[in-house]
Amino acid sequence: MSLDDLTRRRALGLGLGALVLTGCGGGGGPRQAAQQQTGAQATAAPTVYTGPNVALNFWNGFTGGDGPYMKRLVEQFNSAHPNIKVTMNVYQWSDYYAKVPGAVAAGQGPDLGIMHVDSVATNAARQVVLPLDDVAKALSLTEADFSPPVWQAGVYKGARYAIPLDVHPLGMFYNKTVLSKAGLDPEAPPKTGEEYLAALETLKKAGVQGHWATPFPFTGSMQFGSLLYQHGGRLFADDASVSRFAEDPGVQALTWLVELINKGYSPKNVGQDADFIALRNGKAAFNWNGIWSINTLREDTKLEWGVAPLPQVGTQPAAWAGSHQFVVFKQRTPDQNKLAAAKVFINWIGGHSIEWAKAGQVPARKSIRDGAEFQGLKEQAAIGSQIDHLYFLPSVAGIGEASAIVDEAINAAILLKKSPKDALTEAAGKADKILEQNRKKYGA
């Protein structure tokens with residue numbers, strides 16, 4: 001695995017894909033302060049920039065295999081827009097999130113960048129990023145151009161702070177050779193919970209532990225969250241006033257994962273990344289992992305594999321996903337020419353995101369996803385078919401600090417140190433205290 005999410009998780013120890021950020025202070029409400037800088041943006045041309053030459057600093061954390069794809073897109077944009085020069089600076093995600101707030105506070109921040117959607121609210125509260133309602137309006141972008149979950153995820157306190165570039169969901173990867181040897185059809189992976197458990201039982205009889213249950217955030221926490229939402233549950237209340245992951249749906253979801261071990265479908269004490277390695281070396285048949293795994297598996301020319309949406313174990317389809325989204329950073333001295341040029345850049349990259357899809361992503365824009373070229377990327381298209389059933393953390397400042405506590409519960413339960421109910425109940429108490437602290441820290 002080589003994409004940015006893996007670097008990010010090892011550096012930060014993420015909770016269900018959420019980031020815990022360091023930030024800068026500032027008085028006044030984030031929307032009020034930022035609107036003072038953005039009042040003239042809506043009048044700028046959304047697709048063509050005709051002003052004087054401008055230089056834009058574009059920061060992101062694409063240090064993995066996706067980095068060269070974005071670099072090529074930036075180079076193509078610069079060639080097509082001689083009056084805009086975009087310079088891309090790439091950092092490890094942990095360094096990026098630590099560096100940006102301080103740079104903005106010092107008046108030395110970039111013009112625009114990429115953020116994972118679960119970090120946008122915290123940066124909005126800290127007045128690091130600007131509201132982009134006028135950008136969306138100027139570009140005529142609406143929820144219908146994306147999908148409801150990913151579009152709404154970029155809204156904080158009634159204002160839009162991010163424009164979606166992609167989603168990177170969890171999918172079910174499977175080893176076709178292992179399935180065939182067990183007498184299962186490698187071209188018809190299981191779609192329901194019943195079919196999935198039946199396949200695991202067949203694999204067990206063939207001497208294969210089919211699904212290795214990992215206790216680590218990548219991807220054990222993501223699997224838990226997907227199952228939680230499939231059972232009709234939520235990690236937190238929509239306003240993050242209280243945690244909800246310890247309710248019955250959460251207990252059902254975590255119990256399902258633990259039972260994989262108890263029934264012999266998974267070994268105990270699975271190490272970090274051991275589940276993915278087991279898929280590749282024929283020790284496991286299935287692995288619920290992120291779309292970033294596609295290009296890694298493609299490098300293994302001897303491996304016969306496929307990918308499909310997660311099986312529906314609960315009463316409704318659902319899958320964990322992250323999302324890279326464009327943000328524009330607050331500046332001490334607003335430059336309307338740069339803001340106009342940034343809109344052109346955001347719109348152009350989004351319109352050319354079929355190239356970004358090849359990096360192992362699902363383009364956020366529906367027009368790109370519906371196109372024949374994306375449908376020809378069969379692995380990305382298979383995972384992307386879950387687009388309307390993805391979930392994201394509530395858009396609440398500091399939510400990553402609370403979600404990280406869920407990881408502790410999942411780890412304890414899957415390592416058989418605590419029952420699912422006890423682990424989740426204990427974690428909920430801790431998370432609720434963090435949520436209360438965040439309300440005081442960031443304002444209700």
CH2 (Trp59) and CE (Met115) are apart, to the nearest 0.5 Å, by 10.5 Å
Closest heavy-atom pair, Lys330 versus Val104, reported as atoms and distance to 0.1 Å, is O-CG1, 3.6 Å
Applying side chain to side chain contact (heavy atoms under 4.5 Å, CB included), run through His168 and Gln361 and close with a yes or a no. CA-CA 6 Å; His168 34 275; Gln361 308 284 349; 3.4 Å; yes
For Ile261 and Pro267 the tightest heavy-atom approach is CG1-O, 4.0 Å
Smallest heavy-atom separation, Ala284 atom then Asn175 atom, equals O-CB, 3.9 Å
Check your understanding: Below 4.5 Å, heavy atoms only, C-beta onward: do Arg365 and Phe374 meet side chain to side chain?
Key -> no
Residues at least two apart in sequence or cross-chain that pass ring-ring contact (aromatic ring centres under 6.0 Å, His included) with Phe146, listed by chain then number, are Trp151
- Query: Do Leu197 and Trp256 have side chains that get closer than 4.5 Å, going by heavy atoms?
  - Reply: yes
Sequence neighbours excluded and cut-off under 3.5 Å, please list the side-chain donor-acceptor pairs for residues 225-232, or say none.
residue : atom : partner : partner atom : Å
Ser226  : OG   : Met222  : O            : 2.8
Ser226  : OG   : Trp320  : N            : 2.9
Gln230  : OE1  : Val313  : N            : 2.6
Gln230  : OE1  : Gly314  : N            : 3.2
Gln230  : NE2  : Pro311  : O            : 3.1
Gln230  : NE2  : Ala318  : O            : 3.2
His231  : ND1  : Leu227  : O            : 2.8

### Query
Hey, are the side chains of Phe329 and Asn57 touching, using non-hydrogen atoms and a 4.5 Å cut-off?
no
| task | Check whether any side-chain heavy atom of Trp212 sits under 4.5 Å from a side-chain heavy atom of Asn287, and report yes or no. | result | no
Does NZ in Lys191 sit with more than 12 non-hydrogen atoms of other residues, nucleotides or ligands closer than 6.0 Å? no
Quiz prompt | Contact check, side chains of Tyr161 and Leu130, non-hydrogen atoms, under 4.5 Å | solution = no
field: Test log, rule side chain to side chain donor-acceptor pair (under 3.5 Å), inputs Gln92 and Ser94
entry: CA-CA 5 Å; Gln92 295 291 338; Ser94 56; 5.8 Å; no
Here the gap from Ser147 atom OG to Arg369 atom CZ, rounded to the nearest 0.5 Å, amounts to 5.5 Å
Nearest heavy-atom contact between Ala240 and Ile399 is CB-CD1, 3.9 Å
Between Ser353 and Leu165 the two heavy atoms that sit nearest each other are CB-CD1, 4.4 Å
Rounded to the nearest 0.5 Å, the CD1 atom of Ile163 sits from the CG atom of Asp145 at a distance of 10.5 Å
Between Phe62 and the options Trp356, Trp292, Tyr69, the ring pair (Phe, Tyr, Trp, His ring centres under 6.0 Å) test singles out Trp356
Check your understanding: Between Phe345 and Phe77, how do the two ring planes meet: parallel, tilted or perpendicular, split at 30° and 60°?
Key -> perpendicular
Checking Phe173, Tyr196, Phe276 against Trp288 for ring pair (Phe, Tyr, Trp, His ring centres under 6.0 Å), the one that qualifies is Tyr196
_Verdict with supporting geometry, Leu415 and Asn269, side chain to side chain contact (heavy atoms under 4.5 Å, CB included)_ = CA-CA 6 Å; Leu415 292 177; Asn269 304 319; 3.5 Å; yes
| said: Please check this pair: side chain of Arg234 against backbone of Phe236, looking for a donor-acceptor N/O pair closer than 3.5 Å. | reply: no
Side chain to side chain donor-acceptor pair (under 3.5 Å) filter on Glu373, not counting sequence neighbours, yields Lys358
Between Val178 and Ala285, the two heavy atoms sitting closest are CG1-CB, 3.8 Å
| What do the steps show when you test Leu112 against Val86 for side chain to side chain contact (heavy atoms under 4.5 Å, CB included), and what is the final call? | CA-CA 10 Å; Leu112 72 163; Val86 177; 5.6 Å; no
Rounded to the nearest 0.5 angstrom, the NZ-CD1 distance for Lys343 and Ile346 is 9.5 Å
Check: Is the gap between the ring centers of Phe245 and Phe224 under 6.0 Å?
Finding: no
Using 30° and 60° as the class boundaries, would you call the ring planes of His116 and Tyr97 parallel, tilted or perpendicular? tilted
What verdict does the salt bridge (Lys or Arg N to Asp or Glu O under 4.0 Å) test give for Asp370 and Lys366, after you've listed the backbone C-alpha separation in whole Å, the side-chain angles of each residue and the deciding distance to 0.1 Å? CA-CA 6 Å; Asp370 288 348; Lys366 186 175 186 296; 2.6 Å; yes
Query raised in the report: Would you call Val307 and Ile291 a side-chain contact if the rule is heavy atoms closer than 4.5 Å?
Result: no
| message | For Asn123 and Arg126: C-alpha separation, side-chain torsions, deciding distance, then whether side chain to side chain donor-acceptor pair (under 3.5 Å) applies. | response | CA-CA 5 Å; Asn123 280 277; Arg126 289 169 169 164; 6.0 Å; no
Side chain to side chain donor-acceptor pair (under 3.5 Å) evaluation trace for Asn262 with Glu259: CA-CA 5 Å; Asn262 293 335; Glu259 283 299 293; 2.8 Å; yes
* Heavy-atom neighbours of Lys176 NZ exceed 12 at 6.0 Å -> yes
task: In sequence, state the C-alpha distance, the side-chain angles, and the governing distance for Asn289 and Thr219, and then conclude on side chain to side chain donor-acceptor pair (under 3.5 Å).
output: CA-CA 6 Å; Asn289 218 311; Thr219 60; 4.7 Å; no
Note to self: Please check this pair: side chain of Asp166 against backbone of His324, looking for a donor-acceptor N/O pair closer than 3.5 Å.
What the structure shows: yes
Sequence neighbours excluded, the answer for side chain to side chain donor-acceptor pair (under 3.5 Å) partners of Gln312 is none
Rounded to the nearest 0.5 angstrom, the OG1-CG distance for Thr214 and Asn411 is 8.5 Å
Practice prompt. Answer yes or no: is there a side-chain heavy-atom contact under 4.5 Å between Phe326 and Asn347?
Written response: no
- Asp239 atom CG, neighbour heavy-atom count above 12 within 6.0 Å: yes
(message) Keeping Gln380 on the side-chain end and Ala357 on the backbone end, is there a donor-acceptor pair under 3.5 Å?
(response) yes
Sequence neighbours excluded, the answer for side chain to side chain donor-acceptor pair (under 3.5 Å) partners of Glu426 is Lys418
For Phe392, the ring-ring contact (aromatic ring centres under 6.0 Å, His included) test, sequence neighbours excluded, returns none
Value for CD (Gln76) from CD1 (Ile349), rounded to nearest 0.5 Å, stands at 8.0 Å
Would you please indicate if the ring centroids of Tyr96 and Trp93 are separated by under 6.0 Å? yes
Below 4.5 Å, heavy atoms only, C-beta onward: do Arg280 and Thr296 meet side chain to side chain? yes
I would like to know whether Gln437 and Glu401 meet side chain to side chain contact (heavy atoms under 4.5 Å, CB included); could you show each step before the answer? CA-CA 10 Å; Gln437 293 168 359; Glu401 300 164 31; over 6 Å; no
